[in-house]
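To start, the structure under review is shown below, and the notes come after it.
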Amino acid sequence: MRKNLLHIATYILTVVALSTLPMDIMAQQPHRRGTNSWRNEYHTLTGRKVDMSVLTLNLRHPGELAKQLRPEERNTVTTIVLDGAINDADIRVLTDLAKRKTVIVRGKERKAFLDIDLENVRYYDGRQFSDRLPDNAFRDCPTLRSVVLPFRLRALGNRVFANCPRLEVVAMPDNLEVLGKGVFYGCESLISIYIPDNVRVIPEQAFYNCSALKEVSMPEGVEVIGPKAFYSTSLTSAPLPRTVRSVEKEAFANCHISRAIFPAWLPYCDAHAFDNGGLVEYVVEEGNAQYSSRDGMLYSLDGRELIAYPANRKGTCVIPADVVSVRGDAFRGNHNVEEVVMECRLNGLGQAMFKDCTALRSVTLPEGMVVIGKEAFRGCKALTHVAMPQSLTRIDEEAFRACKGMTAIQLPPALEVIGEAAFDYCTKLQEISVPATVKRIDNKAFYNCDVMTRIVMQGSVPPASTGKINDNLKKIILVVPTGSADAYRSAVGWNKFKNIQ
């Protein structure tokens with residue numbers, strides 16, 4: 001009983017407090033509609049000949065929308081214009097309207113859409129009026145088409161409009177300063193956006209997967225473009241104001257950018273800021289403090305490290321002799337490079353360096369290399385030729401896994417270790433000859449090699465085995481040096497073979 005009285009007393013005090021707020025807060029002096037450039041642009045973009053049911057409501061107190069909206073209007077309204085004060089309850093009413101599947105317009109059922117005008121609205125967060133829309137305010141509204149934001153608004157919370165796939169237009173006020181993370185994530189119908197002059201940071205995933213976005217008006221004053229800010233949009237260039245100090249990882253990745261330009265004046269840009277399948281060239285302006293470019297490839301400032309190869313560059317890549325290192329992800333996932341010739345001198349191939357390079361047919365590795373790293377060529381299904389250096393001593397786990405086009409490979413004479421599943425799923429590999437120098441062959445090294453018929457061992461002493469070498473031990477002939485058959489028949493792992501000759 002005491003708790004109920006407390007709740008009632010709190011409610012009464014809240015109502016009294018709201019009713020005594022000054023009129024310029026409760027019912028604000030209306031903003032002069034149409035005077036701002038952003039408002040005019042909004043009208044231009046939304047000018048269309050469609051039947052609309054427009055509803056204008058003045059909310060003197062937060063939380064009134066549900067009462068003012070008549071039941072029949074919930075099924076007919078397509079444009080709602082609000083003045084006054086709103087709270088989370090009012091936002092829920094709006095989001096419910098933006099989740100309708102159909103509306104009734106002039107007596108006919110139509111596919112639903114909703115335009116919202118909040119220009120003369122102030123948000124009440126339960127304690128005070130706030131110039132920030134809360135996180136997730138209009139998230140997951142499938143039929144929301146356009147929004148005019150409050151003219152006093154200064155901040156949009158995280159994911160405010162995330163996953164609103166039909167949202168085409170957002171009119172943001174001139175005073176806006178902050179965009180939240182993922183604020184327009186997944187707004188697939190957003191074609192263009194005007195970012196107000198006071199915004200300094202385009203945050204992480206702000207326009208992620210806004211797949212129709214072609215135009216961005218980004219003002220001078222923007223300093224940071226966050227990770228994946230414009231990931232998977234339709235931008236064909238990166239509109240970088242000269243005030244930008246940092247462009248983070250994959251900020252413009254998976255866009256329609258064919259030339260990645262690194263300006264001289266830009267202090268920091270992640271090497272993978274522009275990663276995408278259509279990229280054919282990296283261009284680094286003279287004077288850039290981070291990078292250099294040569295033949296369309298991205299290098300370190302001194303040119304001694306290859307950092308990235310353009311994802312849509314076809315044909316042959318030649319890595320020059322003066323290069324001393326190749327970044328581990330320089331080629332990863334490239335679906336176009338067909339041949340790589342390494343004239344450089346490298347100690348080894350980094351982990352997953354050529355992983356999933358599905359068009360790669362031929363690789364020439366440099367003399368002096370001793371290691372092919374884990375998953376270095378995994379998933380290179382077109383790979384048929386690898387010229388291994390005489391110096392190679394180790395092939396790490398899954399290095400050639402799922403290289404389904406490989407029919408033969410010559411292992412070098414200094415090789416000592418073949419890692420776990422190194423040639424797993426090389427489904428066309430018919431025969432392999434293992435040098436006498438090999439000391440260890442790990443579990444499943446030649447698993448799922450469906451057409452393999454022979455493994456030729458050149459060493460009289462069986463290499464150590466950490467498990468089952470092949471899964472077709474009845475079919476495969478294990479060929480060993482004269483006089484060593486008994487040694488193989490008694491060695492762990494090798495004793496599983498049924499046909500040792």
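Note that this is a predicted model, so its numbers are computed, not measured.
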When rounded to the nearest 0.5 angstrom, what is the spacing between [atom1] in [X] and [atom2] in [Y]?
X: Lys428; Y: Asp450; atom1: NZ; atom2: CG; result: 11.5 Å
X: Leu411; Y: Ile395; atom1: CG; atom2: CD1; result: 5.0 Å
X: Tyr123; Y: Asp131; atom1: OH; atom2: CG; result: 12.0 Å
X: Ile469; Y: Lys496; atom1: CD1; atom2: NZ; result: 11.5 Å
X: Asp135; Y: Arg132; atom1: CG; atom2: CZ; result: 4.5 Å
X: Arg378; Y: Cys403; atom1: CZ; atom2: SG; result: 10.5 Å

Got [X] and [Y] here, is their nearest side-chain heavy-atom distance under 4.5 Å?
X: Asp396; Y: Ile372; result: no
X: Asn175; Y: Leu153; result: no
X: Met353; Y: Arg332; result: no
X: Val199; Y: Val178; result: no
X: Ile418; Y: Phe446; result: yes
X: Ile261; Y: Glu285; result: yes
X: Leu144; Y: Phe161; result: yes
X: Leu298; Y: Val284; result: yes

Locate the shortest heavy-atom distance separating [X] from [Y]; write the atom from each residue and the value.
X: Leu94; Y: Leu118; value: CD1-CD2, 4.2 Å
X: Leu176; Y: Ala155; value: CD1-N, 3.5 Å
X: Asp117; Y: Glu119; value: OD1-N, 3.0 Å
X: Asn448; Y: Thr427; value: O-CG2, 3.7 Å
X: Met452; Y: Lys475; value: O-CE, 4.1 Å
X: Pro165; Y: Cys141; value: CD-O, 4.1 Å

Test side-chain contact (heavy atoms from CB on, under 4.5 Å) on Ile477 and Ile455; report intermediate values, then the result.
CA-CA 6 Å; Ile477 299 172; Ile455 298 177; over 6 Å; no

The ring pair (Phe, Tyr, Trp, His ring centres under 6.0 Å) partners of Phe252 (sequence neighbours excluded) come to Phe230, Phe274

Under 3.5 Å side-chain donor-acceptor pair for [X] and [Y]:
X: Ser258; Y: Glu281; answer: no
X: Asn209; Y: Ser211; answer: no
X: Glu215; Y: Ser192; answer: no
X: Ser146; Y: Asp115; answer: yes
X: His335; Y: Thr358; answer: yes
X: Arg159; Y: Asn136; answer: yes
X: Thr437; Y: Glu416; answer: no
X: Glu431; Y: Ser433; answer: no
X: Asn336; Y: Asn312; answer: yes

| query | Does the pair Glu223 and Thr243 meet the rule for a side-chain hydrogen bond (donor to acceptor under 3.5 Å, both in side chains), with working shown? | reply | CA-CA 6 Å; Glu223 297 174 358; Thr243 52; over 6 Å; no

(Q) Check for me whether Arg401 meets the cation-pi criterion with Tyr425, that is, NZ or CZ under 6.0 Å from the six-membered ring centre and within 45 degrees of the ring axis. (A) no

### Task
Determine, step by step, whether Ile441 and Val434 satisfy the side-chain contact (heavy atoms from CB on, under 4.5 Å) criterion, reporting the C-alpha distance in whole Å, the side-chain angles of both residues, the deciding distance to 0.1 Å, and the verdict.
CA-CA 10 Å; Ile441 299 179; Val434 180; 4.1 Å; yes

* Asked: Is it the case that more than 12 heavy atoms not belonging to Arg294 sit under 6.0 Å from its CZ atom?
  -> yes

Could you walk me through whether Gln205 and Lys181 satisfy the side-chain contact (heavy atoms from CB on, under 4.5 Å) test, starting with their C-alpha distance in whole Å, then the side-chain angles of each, then the deciding distance to 0.1 Å, before giving a yes or no? CA-CA 6 Å; Gln205 298 186 341; Lys181 291 181 180 179; over 6 Å; no

Would you please test Glu305 and Arg327 for salt bridge (charged side-chain N to carboxylate O under 4.0 Å, His left out) and show each step? CA-CA 7 Å; Glu305 180 184 29; Arg327 192 167 290 186; 3.6 Å; yes

ring-ring contact (aromatic ring centres under 6.0 Å, His included) test vs Phe184 passes for just one of Tyr208, Tyr231, Phe207, namely Phe207

Given the options Phe262, Tyr282, Tyr299, Tyr291 meets ring-ring contact (aromatic ring centres under 6.0 Å, His included) only with Phe262

Checklist entry - Side chain of Ser217, backbone of Ile195: donor and acceptor closer than 3.5 Å? => result no

Check the pair Arg200 / Glu177 against side-chain contact (heavy atoms from CB on, under 4.5 Å), numbers first and verdict last. CA-CA 7 Å; Arg200 296 292 175 263; Glu177 298 174 355; over 6 Å; no

